[in-house]
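In the text below, chain A, chain B and the rest are named by the order of the sequence lines, each starting its count at 1.
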Amino acid sequence: MSQARPGSAEIPIQITINGERRCVELQPWTTLLDLLRHDLALTGTKKGCDHGQCGACTVLIDGRRINSCLQLAVMQDGKAITTIEGIGQGSHLHPLQQAFIERDAFQCGYCTPGQICSGIALIEEGNAVTRDEIRELMSGNICRCGAYPNIVDAIQDVLVQRSGVIREAAE
Amino acid sequence: MNRFSYHRAETLADAISHLRSNPAAAIIAGGTNLVDLMKYEVERPGELVDLTRLDELRGISETPDGGMRIGALVPNSDVAYDERIAKLYPLLTHAVLAGATPQLRNAATTGGNLNQRTRCYYFNDVATPCNKREPGSGCGAIGGVNRIHAILGASDQCIATHPSDMCVALSALDATVEVAGPDGERRISFREYHRLPGDEPQRDNTLRQGEIVVAVTLAGEASYFAENYTYLKLRDRLSYAFALVSVAAALQLDGGRIAAARLALGGVSHMPWRKPDAENALVGMAAGEETFTRAADILLAGAQPHEHNAFKVDLARRAIVRALTQAAAATPQSLSDKRIA
Ligand SMILES: Cc1cc2nc3c(=O)[nH]c(=O)nc-3n(C[C@H](O)[C@H](O)[C@H](O)COP(=O)(O)OP(=O)(O)OC[C@H]3O[C@@H](n4cnc5c(N)ncnc54)[C@H](O)[C@@H]3O)c2cc1C
Ligand code: SF4
Ligand code: FES
Ligand code: FES
């Protein structure tokens with residue numbers, strides 16, 4: 001049982017971040033976003049609004065996309081978090097990262113880590129096929145640069161690649 | 001955020017006893033509303049009681065009467081994508097998918113959705129007076145900017161609306177809220193769960209000190225509305241925005257005649273807005289615009305708009321007629337194609 005009184009010792013938790021098991025001690029008012037960016041120096045995940053309104057802070061918690069700014073880190077004890085750093089870097093890119101480059105799906109790039117985490121989850125969830133459906137189910141990620149059509153293009157490319165792979169495998 | 005202590009509840013009884021012994025304690029589930037409000041210092045709990053490890057609050061199951069029971073911790077996404085719910089209560093599926101975003105729905109829980117606070121700008125801004133946040137301090141919205149506020153059932157102390165989409169469908173489907181507290185368990189009919197502000201706007205609902213929502217149940221017979229339904233949500237942008245007006249409409253048709261009807265409004269009152277008279281006016285009648293307009297007029301009777309939201313009365317009237325038309329035609333509002341047919 002984890003417990004802390006105001007001003008008392010920090011609470012220890014175990015958390016897996018990008019496949020690596022970490023033990024951290026933290027104050028209960030630390031958000032997951034602040035834990036990632038400040039304490040763990042994983043600054044790929046962005047803070048836009050800090051109020052659940054933009055999606056820049058989207059990460060995967062046990063595979064599900066969630067706004068990390070509204071999660072208390074202490075409540076993530078035992079969970080597995082994937083951030084953009086764990087999705088792909090340098091020459092080892094995820095197909096959706098590659099598609100973002102090919103489709104020019106960003107300008108300033110600030111929303112991009114959240115868009116990619118969200119897009120990867122959207123593809124896994126399997127609820128979107130049409131452009132309208134992709135737009136609706138990506139509506140939790142705001143892009144101030146307005147790269148929306150290209151973001152939809154990139155996601156659609158990966159959805160098509162995926163269905164292609166599935167079709168080949170079935171043949 | 002204020003400084004607080006954290007307690008991870010191990011059992012439901014443990015959570016209840018913590019809440020009872022510490023009036024400054026608050027429940028946290030998905031956190032998408034509470035953490036947000038704590039950042040604005042609107043909520044300053046002395047202790048957070050984390051419910052998320054309580055297995056007894058999890059899961060969607062079938063009930064003996066052919067209905068469904070949804071645990072308080074079930075994420076909104078799991079409600080939205082449950083195939084049994086989609087078959088029996090597609091109105092609920094549509095309402096949940098009309099709310100928030102995929103990321104928020106993944107975190108947001110059923111119990112948290114019922115208990116989320118209003119989006120009134122003044123409630124969310126501690127620099128302004130608000131009777132809901134600080135009883136007796138006044139209401140910033142009355143005489144202030146009140147475009148998003150209530151037109152029905154408000155009081156001279158508070159004109160806030162309840163922001164949930166899910167709750168509008170649960171009200172229309174006559175759901176039941178199961179709660180557990182220091183005095184044991186009780187069941188509250190959905191229409192008695194939320195309340196009008198009256199002279200106690202600080203109370204959003206009828207939950208008592210120390211009580212916890214355990215589950216929401218839907219009766220088997222509410223599935224008779226699975227053919228003719230719609231959830232029509234009108235807002236300032238097409239996604240990721242709260243309702244200005246929303247309508248949950250559900251009919252049972254016998255030939256061209258209406259055998260049973262349910263009609264609830266969101267975005268217009270301190271609770272999902274229903275009136276038995278409006279539904280009774282539909283029963284036995286031929287489905288058609290004249291009948292629908294009469295029901296709309298009954299449901300909106302006594303509407304009292306404020307300086308900036310008179311538009312909501314007309315918007316609601318037309319939305320009700322459109323929603324009943326969609327329900328009767330079995331053409332529910334599409335969730336991704338935002339054109340209103
Ligand atoms: C940007 C944004 C947009 C949104 N848009 C919409 C929208 O369009 N439509 C819509 O319907 N909603 C919308 N929401 C609100 C969202 O649905 C709620 O925040 C969410 O449902 C709350 O659930 P939670 O589990 O995160 O609650 P929490 O934040 O954990 O708790 C909320 C409240 O409920 C209480 N509580 C939680 N669980 C229980 C329980 N079991 N028993 C008793 N009390 C409990 C808590 O004490 C707290 O007071 C939006 C939210 C955000 C941030
Ligand atoms: S409408 Fe209600 S919530 Fe908004 S400022 Fe007035 S009292 Fe507060
Ligand atoms: S930073 Fe979390 S949603 Fe904007
Ligand atoms: S690329 Fe600039 S905000 Fe999206």
For [X] against [Y], the heavy-atom pair lying closest together:
| X | Y | value |
| --- | --- | --- |
| B/Leu104 | A/Gly52 | CD1-O, 3.7 Å |
| B/Pro102 | A/Leu137 | CG-O, 3.3 Å |
| B/Arg53 | A/Gln76 | NH2-C, 4.2 Å |
| A/Glu133 | B/Ser336 | CG-OG, 3.6 Å |

Measure the spacing between [atom1] of [X] and [atom2] of [Y] and express it to the nearest 0.5 Å.
| X | Y | atom1 | atom2 | answer |
| --- | --- | --- | --- | --- |
| B/Tyr6 | A/Met75 | OH | CE | 5.5 Å |
| A/Leu70 | B/Asn33 | CG | CG | 9.0 Å |
| B/Asp50 | A/Leu72 | CG | CG | 8.5 Å |
| B/Tyr240 | A/Glu136 | OH | CD | 12.0 Å |
| B/Gln103 | A/Thr58 | CD | OG1 | 4.0 Å |

- [ ] Give, as side chain, backbone, both or neither, the part of A/Cys57 having an atom under 4.5 angstrom from any heavy atom of chain B.
- [x] neither

TODO: Under 4.5 Å heavy-atom distance to chain B, tell me which part of A/Asn127 shows up: side chain, backbone, both or neither.
DONE: side chain

Open item on the list: Counting only non-hydrogen atoms closer than 4.5 Å, can you tell me which residues of residues 96-126 of chain A sit against chain B?
Closed with: A/Ser118, A/Glu125

If you count the non-hydrogen atoms of other residues, nucleotides and ligands that lie under 6.0 Å from [atom1] in [X], is the total more than 12?
| X | atom1 | answer |
| --- | --- | --- |
| B/Arg339 | CZ | no |
| B/Lys87 | NZ | no |
| B/Glu41 | CD | yes |
| B/Arg117 | CZ | yes |

Task: Donor-acceptor contact present, side-chain B/Asn106 to main-chain A/Arg65, <3.5 Å - done: yes

Open item on the list: Using modelled atom types and a 3.5 Å cut-off, is there a donor and acceptor pairing between side-chain atoms of B/Lys39 and backbone atoms of A/His51?
Closed with: no

TODO: Ignoring hydrogens and angles, state whether a donor on the side chain of A/Gln53 or B/Asp36 is under 3.5 Å from an acceptor on the partner side chain.
DONE: no

Task: B/Asp125: partners by side chain to side chain contact (heavy atoms under 4.5 Å, CB included), with sequence neighbours left out - done: B/Ala127, B/Thr128

Open item on the list: Within the 4.5 Å heavy-atom criterion, are A/Arg64 and B/Ser77 side-chain neighbours or not?
Closed with: yes

TODO: Side chain from CB out, backbone as N, CA, C, O: work out which of these in B/Thr32 comes under 4.5 Å of a heavy atom of chain A, or both, or neither.
DONE: both

TODO: State plainly whether the residues A/Arg131 and B/Asp337 are in salt-bridge range, i.e. N to O under 4.0 Å.
DONE: no

- [ ] Considering only NZ, NE, NH1 and NH2 on the basic side and carboxylate oxygens on the acidic side, decide whether A/Asp77 and B/Arg8 come within less than 4.0 Å.
- [x] yes

TODO: Look at B/Leu34, B/Ile28, B/Asn2 and state which one has the largest set of heavy-atom pairs under 4.5 Å with chain A.
DONE: B/Ile28

Open item on the list: Which one wins on heavy-atom pair count under 4.5 Å against chain A: B/Ser239, B/Ala100, B/Gly31?
Closed with: B/Ser239

- [ ] Could you please spell out the steps behind the side chain to side chain contact (heavy atoms under 4.5 Å, CB included) verdict for A/Thr31 and B/Met1?
- [x] CA-CA 10 Å; A/Thr31 62; B/Met1 259 192 268; 3.9 Å; yes

